[in-house]
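To start, the structure under review is shown below, and the notes come after it.
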Amino acid sequence: MTKNMILIIAVIGILMINFASADVPPENSHPLSRCVKFVNLNNFSDVVLIGYYTGPTIGWGAYQIENDKCLDKGYKFNTLYIYWTTKEKFHSINLVDLKLVSKKVALNGANDDKGNQAYIDVYSPAYLILLLENIEPYGGYVNENNPLINETIEYSIAGYSDGKLVAYISKKTSEYNNGQSEKLETFEKPNINNQEPVYPTPTPEPTQNPEPLQVKKGFWNSISCFFKKLFGRSC
């Protein structure tokens, strides 16, 4: 058995152990329920929002976001992005077989087998426009000293500004387990200039997304991201 094969088996074993124990509640903690949602999509009938998530076990997933419905990112270690398009363009998009484009991104502190800078392929949806990134709809667990038990975060569409769709947190509701009154926070709508949206120019035929976990570089990037999140670091 080669050294590389032993290393691969060891890493997979560690991943299996961590995934199996990842849902065990930490000591001295209690669960936090969180709902993140958009609440005024009905006011923008020509806009369609798409939830796009990636992670170490699923590769990617996508779904149409519905008004007043909690967002989902699949497994808790996945990363959620929000994209948008027009209703007309949406009819030509298949979320099950989503077209993706890729770009090379340097992997910090990593070299290839020749000692050169290592790169990974990062995939994103073609023909969709990024609205928000790194949205966290998962509550998880908080320390027992923190009385917060439920959190609702509401996003609203403000309109268009400088050719871009603008979304913002419009309301936040927090509930507690220590008798403290429910806390309501409202946030002002940002200033916008209502400049017409600018849509991306179509690019050559986009790269089709590979089967999850079959792209070697993408797989190792997912593993790296997984361990960073375990230790509280961002990818």
Side-chain angles (χ1 to χ4, degrees), residues 36-38 41 44 46-66 69-110 112 117-138 155 157-158 160-169 197-229 233-235:
V36 180
K37 59 185 179 180
F38 284 83
L41 295 183
F44 294 85
D46 190 47
V47 171
V48 177
L49 298 188
I50 308 298
Y52 172 79
Y53 55 89
T54 63
T57 61
I58 50 84
W60 65 273
Y63 61 94
Q64 181 180 355
I65 293 173
E66 299 180 30
K69 184 174 181 180
C70 299
L71 300 180
D72 179 40
K73 67 171 186 176
Y75 192 55
K76 64 182 180 181
F77 288 123
N78 292 343
T79 302
L80 176 65
Y81 304 87
I82 309 299
Y83 286 81
W84 75 277
T85 187
T86 63
K87 181 175 293 186
E88 179 183 2
K89 294 178 183 295
F90 179 70
H91 292 316
S92 62
I93 296 173
N94 183 353
L95 295 182
V96 177
D97 187 23
L98 193 62
K99 297 289 186 179
L100 302 180
V101 292
S102 66
K103 63 178 180 180
K104 297 287 185 182
V105 175
L107 190 58
N108 292 335
D112 60 20
Q117 172 68 57
Y119 292 85
I120 57 172
D121 292 316
V122 176
Y123 292 85
S124 61
Y127 311 140
L128 298 179
I129 306 172
L130 182 63
L131 178 63
L132 298 168
E133 56 185 333
N134 294 324
I135 302 299
E136 184 51 82
Y138 175 75
Y155 277 86
I157 301 297
Y160 299 102
S161 190
D162 295 327
K164 298 179 180 179
L165 189 68
V166 177
Y168 69 104
I169 296 178
V198 176
Y199 303 108
T201 302
T203 57
E205 184 66 20
T207 303
Q208 182 64 34
N209 182 54
E211 291 296 324
L213 304 183
Q214 291 184 4
V215 178
K216 188 173 182 180
K217 291 182 179 179
F219 174 66
W220 290 112
N221 178 53
S222 297
I223 292 177
S224 173
C225 181
F226 170 77
F227 281 109
K228 287 181 180 179
K229 289 187 175 182
R233 298 172 58 191
S234 59
C235 297

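Here the structure is a predicted model, which means the values were calculated and not measured. If you read the sequence from its start, that first residue is 1, and numbering goes on from there.
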request  = Could you check F90 against L95 for side-chain contact (heavy atoms from CB on, under 4.5 Å), going step by step and ending with a plain yes or no?
outcome  = CA-CA 9 Å; F90 179 70; L95 295 182; 4.1 Å; yes

ask   = Yes or no on side-chain contact (heavy atoms from CB on, under 4.5 Å) for T86 and V48, after CA distance, side-chain angles and deciding distance?
value = CA-CA 6 Å; T86 63; V48 177; over 6 Å; no

query = Can V101 and S124 be said to form a side-chain contact (heavy atoms from CB on, under 4.5 Å), step by step?
reply = CA-CA 6 Å; V101 292; S124 61; 3.6 Å; yes

task = In sequence, state the C-alpha distance, the side-chain angles, and the governing distance for Y155 and V36, and then conclude on side-chain contact (heavy atoms from CB on, under 4.5 Å).
result = CA-CA 7 Å; Y155 277 86; V36 180; 3.6 Å; yes

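To the nearest 0.5 angstrom, Y53 atom OH is 14.0 Å from Y75 atom OH. To the nearest 0.5 angstrom, L49 atom CG is 11.5 Å from E66 atom CD. Annotation: the span from Y119 atom OH to K104 atom NZ amounts to 10.0 Å, rounded to 0.5 Å. Of the inter-residue distances, the one linking I82 atom CD1 with L165 atom CG reads 11.5 Å to the nearest 0.5 angstrom. Between the CG atom in L71 and the CD1 atom in I65 there is a gap of 5.0 Å [rounded to 0.5 Å]. Atoms CD and CD1, on Q64 and I93 in that order, are 10.0 Å from each other to the nearest 0.5 Å.
V47 is listed as a side-chain neighbour of Y160, based on a closest heavy-atom distance under 4.5 Å.
Side-chain atoms of Y83 never come within 3.5 Å of backbone atoms of Y127 as a donor-acceptor pair (strictly under, hydrogens ignored).
What you find for L80 and D72 is that their closest heavy atoms are CD1-O, 3.8 Å. In plain terms, the two heavy atoms of A62 and L98 that are nearest each other are CB-CD2, 4.0 Å. In terms of heavy-atom proximity, A106 sits nearest to Q117 at CB-NE2, 3.8 Å.
Taking 4.0 Å as the cut-off between side-chain N and carboxylate O, E136 and K73 count as a salt-bridged pair.
With respect to I50, the side-chain contact (heavy atoms from CB on, under 4.5 Å) criterion is satisfied by exactly one of L128, I129, L131: L128.
Aromatic ring pairs are classed by plane angle as parallel below 30°, tilted from 30° to 60° and perpendicular above 60°; the pair Y52 and Y81 is tilted.
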